[in-house]
Amino acid sequence: MSFPGPTESQGRIVWASLTAFAIALLIAILCAFIWGLGQVLHVLSPVLWPLAIAGIIAYLLDPVVDYFERRNISRRKAIILVFAICAVFVAAFLASIIPRLISETEKLIKDLPGYSVSVQKDVSTWMSRRPFIEEWRLRFFPPRQHATNASEVVTPVPATNEPVVSTNRVASASSRNDAALVNKISESVLSWLGEVMPQLGKWLLAQVSRVASWAGTIIGLAMVPVFAFYFLQEKTAIQKGWTNYLPLQESRLKDELVFVLNAINNYLIVFFRGQVLIAFCDAVLLVAGFLSLGLNYAVLFGLVAGLLSMVPYLGTIVTIVPIIILSAVQFHDLLHPAMVIAIFGIVHAIEGFIVAPKIMGDRVGLHPLTIIVAVLIGTTLLGGILGGILAIPVTAALRVVMFRYIWKKPEPVALPV
């Protein structure tokens, strides 16, 4: 017995239903993957953090090691020399910047109430010189009327002529047996121990876990230079033989996977060697500009704005408004806030026309807006800074896959002659 085939409209409904089901299934699989990845990151974060930091350090120091290696120095000695130079620079930075950074942070916390009062006073003075603002404020927000006349408020005083009855309670203690008293005391002690010992055990377990966590963090930080050293030392072997560790036979699929991973690596090189160095240059320029302006907490705000610039424009977005308010409160004029805006503009112009072309060259990285969105999504879905860092290679992988297999450019067709 044969059934008639579906009509054209029924076929469209069936295919639309199957397409919707497939899309929903892919979305569910993607959500499950993101949730599972977040759980894995949470569990393995003590292991992944040192590896991630060591990888970033290796990305940054590899060109310097290659420079010394081209000067007929063995790679191992070049790595040790670069590590020694970096240690000297880090020690000098910590000795010169960190004490001032700490003092400026403490001074800012101490001066915040005074700045708040000064801002309120300046705003009140500015509004008093412009009566139309006060008139509009009273029109939209009229003051509340409070009728508080002493004659209207009557507080009844109750008259109590009842005599004060004083009762003397006499506690009579009955004689008890000594054995019963000892049993009661022992029962109380045992019940108290039964309540206290579990709490004491939980407290000790929490302290041991905290000590173990700190010990793991310290060990992980101590292993960062070791990981970075071996990443730099085995660079040639990794470049030549990493494809042999892919669990695939020689095929077109393996070639495509190698291409995608190489493209992701190029994006990471552009980001970490480019954006991190650009952020460092921005921090130096901003600190110099704020110091030349005579702004309080110049080092603190300059370093914060520069470090946040690793995510493009984030440092400017976060810090420009507080710095403008601080300059207005400090100098009580409009010139210095305008100069703060000019400093940010000059720094971004130097970054765009001088620093970025020198560092990036002709390599194309991720778009700044793409990086901002990726970091926000990564910190939200995957959790923490590690999720934001991991979002960069994931975004690079998605971009490579999209442009490689989905957004293909049409190949030119040869016209017949």
Side-chain angles (χ1 to χ4, degrees), residues 93 97-98 100-127 271 274-360 365-380 385 388-389 391-392:
F93 174 80
I97 300 297
I98 296 301
R100 179 163 183 173
L101 194 63
I102 294 174
S103 64
E104 287 188 357
T105 305
E106 293 176 349
K107 189 173 183 299
L108 178 61
I109 295 173
K110 182 180 179 181
D111 294 342
L112 272 179
Y115 283 133
S116 177
V117 173
S118 179
V119 169
Q120 293 177 1
K121 184 178 178 181
D122 291 342
V123 171
S124 300
T125 304
W126 182 80
M127 291 181 64
F271 178 76
Q275 203 62 43
V276 173
L277 293 178
I278 289 173
F280 177 76
C281 294
D282 287 349
V284 173
L285 293 174
L286 288 172
V287 169
F290 294 156
L291 287 175
S292 65
L293 192 62
L295 189 67
N296 291 335
Y297 325 110
V299 176
L300 174 62
F301 282 108
L303 288 179
V304 170
L307 292 177
L308 291 178
S309 295
M310 284 190 288
V311 179
Y313 306 113
L314 181 62
T316 302
I317 294 171
V318 172
T319 59
I320 188 170
V321 174
I323 296 175
I324 289 174
I325 295 174
L326 177 65
S327 63
V329 173
Q330 180 180 347
F331 297 102
H332 299 282
D333 59 10
L334 296 178
L335 176 62
H336 287 83
M339 294 177 68
V340 168
I341 298 174
I343 288 174
F344 274 102
I346 292 171
V347 169
H348 280 290
I350 294 174
E351 172 193 333
F353 292 103
I354 299 175
V355 177
K358 291 291 184 182
I359 294 177
M360 296 285 204
L366 296 173
H367 193 274
L369 182 60
T370 305
I371 296 175
I372 294 173
V373 175
V375 171
L376 292 177
I377 293 176
T379 52
T380 303
I385 302 176
I389 295 175
I392 302 299

> Can you list the steps and then say if Glu106 with Ile102 is a side chain to side chain contact (heavy atoms under 4.5 Å, CB included)?
Replying inline: CA-CA 6 Å; Glu106 293 176 349; Ile102 294 174; 3.7 Å; yes
> Are there more than 12 heavy atoms of other residues, nucleotides or ligands under 6.0 Å from atom CZ of Phe331?
Replying inline: yes
> Roughly how far apart are Ile341 CD1 and Ile323 CD1, rounded to 0.5 Å?
Replying inline: 11.0 Å
For residues 284-293, dump all side-chain donor-acceptor pairs below 3.5 Å to protein atoms at least two apart in sequence or in another chain.
{"residue": "Ser292", "atom": "OG", "partner": "Ala288", "partner atom": "O", "Å": "3.3"}
{"residue": "Ser292", "atom": "OG", "partner": "Gly289", "partner atom": "O", "Å": "2.6"}

>> Checking the side chain of Gln330 only, and the main-chain atoms of Asn296 only, is there a donor and an acceptor separated by less than 3.5 Å?
In response: yes
>> Quick check on Leu335: does its CG atom have over 12 non-hydrogen neighbours (other residues, nucleotides or ligands) under 6.0 Å away?
In response: yes
> Just by distance, do the side chain of His332 and the backbone of Val329 share a donor-acceptor pair under 3.5 Å?
Replying inline: yes
> Can you find a heavy atom in the side chain of Asp111 that is under 4.5 Å from one in the side chain of Tyr297?
Replying inline: yes
>> Side chains of Leu303 and Phe280, heavy atoms from C-beta outward: is any pair under 4.5 Å?
In response: no
> Roughly how far, to the nearest 0.5 Å, is the CD1 atom of Ile324 from the CZ atom of Phe344?
Replying inline: 7.5 Å
> How long is the gap from CE on Met339 to CD1 on Ile346, to the nearest 0.5 Å?
Replying inline: 9.0 Å
>> Would you compute the distance between atom OG1 of Thr105 and atom CD1 of Ile98 and round it to the nearest 0.5 angstrom?
In response: 9.0 Å
> To the nearest 0.5 Å, how far apart are CZ in Phe301 and OG1 in Thr319?
Replying inline: 8.0 Å
>> To the nearest 0.5 Å, what is the distance between CG on Asp282 and OG1 on Thr316?
In response: 7.5 Å
> Minimum heavy-atom separation for Ala279 to Ser309, with atom names?
Replying inline: CB-C, 4.0 Å
> So, Arg100 and Glu104, do they make that salt bridge, N to O below 4.0 Å?
Replying inline: yes
